[in-house]
Amino acid sequence: MLCCCMGMAVQAQELDVDKELAYCHQQVLRALEELKPYDYHMQPRNILATDSHVGWNVRKASGWEWCSGFWPGILWMDYMATGDKQVKKAAEGYTQGLSRIIKDPIVDHDMGFLIHCSYGKGYEATHNSSYKKAILRASDSLATLFNPKVGTILSWPRHIKEYGGHNTIMDNMINLDMLLWASEHGGKPWFRDIAIAHAATTMRNHFREDGSSYHVAVYDLQTGRFLKGVTHQGLSDQSMWSRGQSWAIYGFTMMYRHTRDAAFLEQAQRATDIYLKRLKETSNDWVPLWDMDDPRGYQGAPKDASAACVVADALLELSGFVGGQKGASYRRAALRMLSDLSRNYQSRERNVAFLLHSTGHHPANSEIDASIIYADYYYLEALLRLKGAITQK
Ligand code: GLY
């Protein structure tokens, strides 16, 4: 069937989830082969467009390396999808490779990305009580960055001076998932209060009139007053950095899952509606430019497949919460994103990642048009969600 949308004709093809999951499994096996002999402390991070090798570039797991938890998470998801014992063994090893992070003093807000995306998936797969203990301990640690005067978790202690205050980045919303999960699984009950306060404060200050978001919100350290919204990884303070917006969509959808607070559901939709509108105006498919305001447009600006993965994943869940015609339109959008990613962005024989064409930190000229581990993580999570294998994290 041909339908007219996104300002062009789009082939609305069925997405074969099982075929794409099988592809992901093959890439996981190839990646594991390339990573031999395993050093479980070295976690896959990226494969650059300029790299001539097919395997992952790895980095030492630490609190400073925010992507350390995605590879163990991918392995756990792949294990849950396939039951492959070799993958399970690797998942256990790479998860163990993160244990130091929980014991070390916390350096910034990324604890949820690091521990919930890894140990959390491991717990989902095995119900290993030591994984739950690790998540509760990491949550204790993350909670120490909460500033009650501001009402949010401090993202980057090391950048307080640079930003002129308490800084909170939109990405931080994802870390709340761990706090909420912990409060529901024997952790401190006030983890939930912290998460709700953080989301409510973010909702008040982090968005512009049209529902697009700042990357960084800066607050007065003493009074907690909102001072300004600026960017770190986007094109400009007022531009829409695609992945930042994707964190907002995912983050408020997740908040609604845990709280059933209608205000969070509404915020998730506001963030989605402007994202889809701008995507339609600026992209030639369902994968956004790295920043929606890059004047080069899709013929010159790099894309960010990772943002599309995060949004598709979130919209599959949000569509169920919203229901009706609007919910159905979100689901259709998610399917088109996954379909474009699967048809035109897969790495296949080029390298062992699932996907190409993500952008990490454009202003720093870092990881542009690359395979990046978090794109693969959210792509796989979205496929599993579509298959019905994930109903609740
Ligand atoms: N959390 C950092 C990023 O999205 O690049």
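By convention here, the first residue in the shown sequence is residue 1. Whatever order the structure lists ligands and atoms in, that order sets their numbers, starting from 1.
Protein neighbours of ligand 1 below 4.0 Å, counting non-hydrogen atoms: W66, D171, Q233, W241, R243, W247.
Listed by first and then second residue, the salt bridge (charged side-chain N to carboxylate O under 4.0 Å, His left out) pairs involving residues 303-312 are R243-D304, D285-K303 (not counting sequence neighbours).
A cation-pi arrangement is found for R260 relative to Y256, the charged atom lying closer than 6.0 Å to the ring centre and inside a 45° cone about the ring normal.
I368 and V287 fall into different hydrophobic clusters, where Ile, Leu, Val, Met, Phe, Trp and Tyr residues are linked whenever their side-chain heavy atoms come under 4.5 Å apart, directly or through other members.
The side-chain hydrogen bond (donor to acceptor under 3.5 Å, both in side chains) test applied to Y379 returns S342, Q346, not counting sequence neighbours. In this view, Y23 satisfies the ring pair (Phe, Tyr, Trp, His ring centres under 6.0 Å) rule with no residue, not counting sequence neighbours.
Heavy-atom neighbours of E266 CD from other residues, nucleotides or ligands within 6.0 Å: at or below the threshold of 12.
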